[in-house]
Amino acid sequence: MISIFEQARQQLITAIGAALAQAMEAGTLPRAEIAPFVVEVPADTARGDFATNAAMVNAKALRQSPQKIAQAIVANLDLSGCYAERVETAGPGFINFFVKPQWFADIVSEIAQKGEQYGHTDYGHGQKVMVEYVSANPTGPMHMGNARGGALGDVLAEALAWSGHDTTREFYVNDAGNQIEKFGISLEARYIQHLRGEDAAVLPEDAYQGSDIIDHAVAFAAEYGEQYLNCDSRQRRDALIAYALPKNVAKLESDLARYRIHYDVWFRESTLHPDAIQRVLEVLRSRNAVYELDGALWYKATDFGGDKDEVLVRANGLPTYFAADIAYHYNKFAVRGFDKVINVWGADHHGHVARLKGAMDAIGLDGSKLDIVLMQLVRLMKDGEPYRMSKRSGKSISLSDLLEEVPLDAARFFFIMREAGSALDFDLSLAAEQSAKNPVFYVQYAHARICSMLKNLAAEGIAADGERYLTVSPAALLVLTAPEERALIRRLGQLPQEIINAACAYDPAGISSYITDVATLFHKFYTACRVKGEPEELLYPRLALCHATRTVLKNTLALLKITSPEVM
RNA sequence: GUCUCCGUAGCUCAGCUGGAUAGAGCACCGCCCUCCUAAGGCGGGGGUCGGGCGUUCAAAUCGCCCCGGGGACGCCA
């Protein structure tokens, strides 16, 4: 069941299409293919509740002026059964529509009826979608890029779920391969240094330099002493990895949980080694997509849109990250049967996008089912100065550090405010200092204001149980005619579509501007229209509107996983 | 060099599947609480939408070429 807002829009699309066909039938317009047109809310709603460019986009095909086409459409328009009741043409050929007052009343009723469910749709028809995000290396703490990817991926997954997709949230744990080996080497050096002094071991330049490595080594030494000092290096590294890796993964999980991110699946790369990887290599081999050179196994990326070939198995016999990633995505599609897979990656991985999609084609799967959201990296600033955030420097700001300094609600909102494709400057001092000025507070304030009103009125014995304003009839709601009331209702009606848009465009940023918009419109309504003290026939409809606004704010904040305070 | 993201008000950015006078927040100036939360509302100043050419009835939006800035181009992940 589509929303009341969308019903009005869809009715118009149908009616306009019919009117064009009718005009052609009658000979008023020449016969031609109808170009796609849009029906949308005009920037200035004084012009109309909806507007269409149908006449203008068809001017060329119909070889007539947009104004004439508009007139022909209007002359053949049948609005019976539509929310729209009045139409006029304007400007260069726009057709503007005005809806019946009933439309506004029905939207408020719809929200009251659906309550917490308002905003949910079955748009996706249960399509099986996976969102894989963060997937930070388990060799150290998460950085700001992970924090941004976490918020973006999580809200995207929510939007997909709300819009009727069967959504799986997944974290890919890179617990195998080169970086784990490097992790072991780093731990080993720190362990030996801890027991035998700085000069007893050399920490390679490309090793992990962070203090967390030292902490692990020290804790390991406290537990096992010198037991691993004289054994085989392989054995020592394995013991250190076996000790530290689970701790790191647990830390990732708890940090993310604190950030309100919970995954459905923690998928371990190690489960792909070696069988699943061998299997995809076989498939590629059978499809003639690989060759051997210099002792390594190469993938013919150039046959599948790549600009150069890629190594799958190194001369030393170890598979590359890329080989594992092909096996991983083969698993997502062929083994687990996802219809759509969305990966949220840092923009530094952009070279990997075409490669992986091409590899899906090469392996006989459909690369177009794989979508990558590339996120420009976060530049961490402090007092206007760039702040080093390299994992190696050892003094980086981690996700848990961030949450110490910035309110959680603000951090989540801040990260989704900007679309993924734009670089984000996150000024720590600013975010911490000006937290009260963060837009998230503006939105939460609107929610708290409504709660306060409802509470005050309840204290005076008005609608104490909420029944009266939750069940105001659509007919009684017709009194909501003030421009501020209408503007607010119009926007409230768009929540389901806003969520669908965010899900389809992979752009959670739209939701943050939507909710800010709703807050603004509520504050304007609040200033212009009183509730308390008005006669009952106006008081209750306005209370119903307040409550509907609260529902929209609360539901949208819930989607963003941001709290809805009742008092501020 | 190739690929990619970005360039819109003093600052941070929306708008970009083309549409009717280019928006918001912050900052600045001035108003509005005997009245439901002033963490709010109203008004004001402030713009060659980086530049040029092109497509179109219509370009901040699409295409091409420049200019300026970030990022990626490993038998790393």
Side-chain angles (χ1 to χ4, degrees), chain A residues 36 38 40 42-44 47-48 51-53 56-57 59-60 65-67 90-94 96 135 137 139 174 177-182 206 269 293-298 307-308 310-325 346-355 374-377 379 417-425 427 430 434-446 448-457 460 462 484 505 509-510 512-513 516-517 519-520 522-534 539 542-543 546 567-568:
Chain A
V38 297
E40 58 192 357
D44 180 1
R47 297 181 197 281
T52 184
N53 61 356
M56 293 180 286
V57 295
K60 190 160 202 172
S65 74
Q67 286 88 349
F94 282 101
N96 296 320
S135 297
N137 262 331
T139 50
N174 298 120
N178 237 328
Q179 81 287 349
I180 291 299
E181 189 54 23
K182 203 158 82 180
D206 66 340
E269 180 186 345
L293 180 72
D294 299 334
L297 185 70
W298 293 74
D307 53 351
K308 60 184 192 312
E310 302 289 334
V311 171
L312 292 173
V313 181
R314 302 181 181 92
N316 64 11
L318 294 174
T320 58
Y321 172 85
F322 184 44
D325 219 18
D348 53 338
H349 285 64
H350 97 88
H352 195 50
V353 174
R355 256 206 303 281
L374 283 182
M375 176 183 73
Q376 293 296 314
L377 298 182
R379 273 190 310 234
M417 268 175 59
R418 207 125 302 155
E419 59 189 357
S422 305
L424 176 64
D425 284 347
D427 194 313
L430 208 70
Q434 301 197 339
S435 58
K437 288 181 179 171
N438 192 301
V440 73
F441 289 88
Y442 178 80
V443 173
Q444 289 177 319
Y445 179 61
R449 249 186 167 178
I450 296 170
C451 292
S452 169
M453 283 174 71
L454 298 178
K455 204 178 301 172
N456 287 344
L457 289 166
E460 293 176 19
I462 297 167
E484 293 83 3
S512 73
S513 47
T516 307
D517 240 20
T520 299
F522 175 75
H523 287 312
K524 288 183 193 229
F525 156 77
Y526 181 90
T527 305
C529 306
R530 286 198 61 80
V531 178
K532 191 178 169 183
E534 294 294 328
L539 178 123
R542 282 191 172 161
L543 267 179
C546 289
V567 180
M568 283 177 77

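Chain identifiers are assigned alphabetically (A, B, ...) following the order of the sequence lines, protein sequences preceding nucleic acid strands; residue numbering begins at 1 within each chain.
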Base, sugar-phosphate alone, or nothing: which one does [X] contact when heavy atoms must sit under 4.0 Å apart?
X	answer
A:Asp294	base
A:Gln179	sugar-phosphate
A:Asp44	base
A:Val313	nothing
A:Ala315	base

Out of [options], which nucleotide sits closest to the side chain of [X]?
X	options	value
A:Ala90	B:G19, B:C75, B:A20	B:A20
A:Ser422	B:A39, B:A77, B:C6	B:C6
A:Lys308	B:G71, B:G74, B:A20	B:G74
A:Glu419	B:A20, B:A14, B:G74	B:A14
A:Asp348	B:G40, B:A72, B:C75	B:A72
A:Ala51	B:U56, B:A20, B:G19	B:A20
A:Arg449	B:C35, B:G70, B:A38	B:A38
A:Thr520	B:C75, B:G41, B:C36	B:G41

Rounded distance in Å - [atom1] ([X]) to [atom2] ([N]):
X	N	atom1	atom2	value
A:Arg47	B:G19	CZ	C1'	11 Å
A:Met453	B:C35	CE	C1'	12 Å
A:Lys524	B:A24	NZ	C1'	10 Å
A:Tyr442	B:A24	OH	P	11 Å
A:His350	B:G70	NE2	P	16 Å
A:Phe441	B:A39	CZ	C1'	9 Å
A:Leu424	B:C5	CG	C1'	14 Å
A:Arg355	B:C75	CZ	P	10 Å

Identify whether NZ of Lys or CZ of Arg in A:Arg449 sits under 6.0 Å from the centre of the six-membered ring of A:Tyr526 and within 45° of that ring's axis.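 Yes, a cation-pi geometry holds between A:Arg449 and A:Tyr526.
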For the residue pair A:Arg355 and A:Phe322, would you count it as a cation-pi contact if the rule is NZ or CZ under 6.0 angstrom from the ring centre and within 45 degrees of the ring axis?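 Cation-pi check for A:Arg355 and A:Phe322: passes.
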Can you tell me if [X] touches the phosphate of [N], counting only side-chain N or O atoms and a distance under 4.0 Å to OP1 or OP2?
X	N	value
A:Thr320	B:G74	no
A:Arg418	B:C13	yes
A:Arg379	B:U12	no
A:Lys532	B:C35	no
A:Tyr526	B:A39	no
A:Asn178	B:C76	yes

side-chain contact (heavy atoms from CB on, under 4.5 Å) evaluation trace for A:Tyr321 with A:His352: CA-CA 11 Å; A:Tyr321 172 85; A:His352 195 50; 3.9 Å; yes
Give me the distance, rounded to whole Å, that separates [N] from [M] when you measure between the [atom1] atoms they each carry.
N	M	atom1	value
B:C13	B:G54	C1'	30 Å
B:A22	B:A27	P	26 Å
B:G10	B:G51	P	14 Å
B:G47	B:A9	P	10 Å
B:G18	B:U55	C1'	11 Å
B:C42	B:C57	P	40 Å
B:A60	B:G52	C1'	16 Å
B:U34	B:C29	C1'	28 Å

Identify the stems formed by RNA chain B, where each pair is Watson-Crick or G-U wobble with both distances under 3.5 angstrom and a stem is at least 3 consecutive pairs.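 When the pairs of RNA chain B are grouped into runs of at least three, the stems are B:1-7 with B:67-73, B:10-13 with B:23-26, B:28-32 with B:40-44, B:50-54 with B:62-66.
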What residues form a ring-ring contact (aromatic ring centres under 6.0 Å, His included) with A:His350, not counting sequence neighbours?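 Counting only residues at least two positions away or on another chain, A:His350 forms no ring-ring contact (aromatic ring centres under 6.0 Å, His included).
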Indicate yes or no for a side-chain donor-acceptor contact from [X] to the backbone of [Y] under 3.5 Å, with no hydrogens or angles considered.
X	Y	value
A:Arg542	A:Cys529	no
A:Trp298	A:Leu312	no
A:Gln179	A:Asn174	yes
A:Ser452	A:Ala448	no
A:Thr320	A:Val313	no
A:Asp294	A:Ala296	no

In terms of the nearest nucleotide of RNA chain B, which residue is placed more toward the 5' end: A:Asn174 or A:Pro42?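 Its nearest nucleotide lies further toward 5', so the answer is A:Pro42.
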So which one's nearest nucleotide on RNA chain B is more toward 5', A:His523 or A:Asp425?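 The 5'-side residue here is A:Asp425.
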Under the 3.5 Å rule, do the base of B:A20 and the side chain of A:Asn96 count as making a donor-acceptor pair?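 Flag set: donor-acceptor pair detected.
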Verdict with supporting geometry, A:Thr527 and A:Glu484, side-chain contact (heavy atoms from CB on, under 4.5 Å): CA-CA 9 Å; A:Thr527 305; A:Glu484 293 83 3; over 6 Å; no
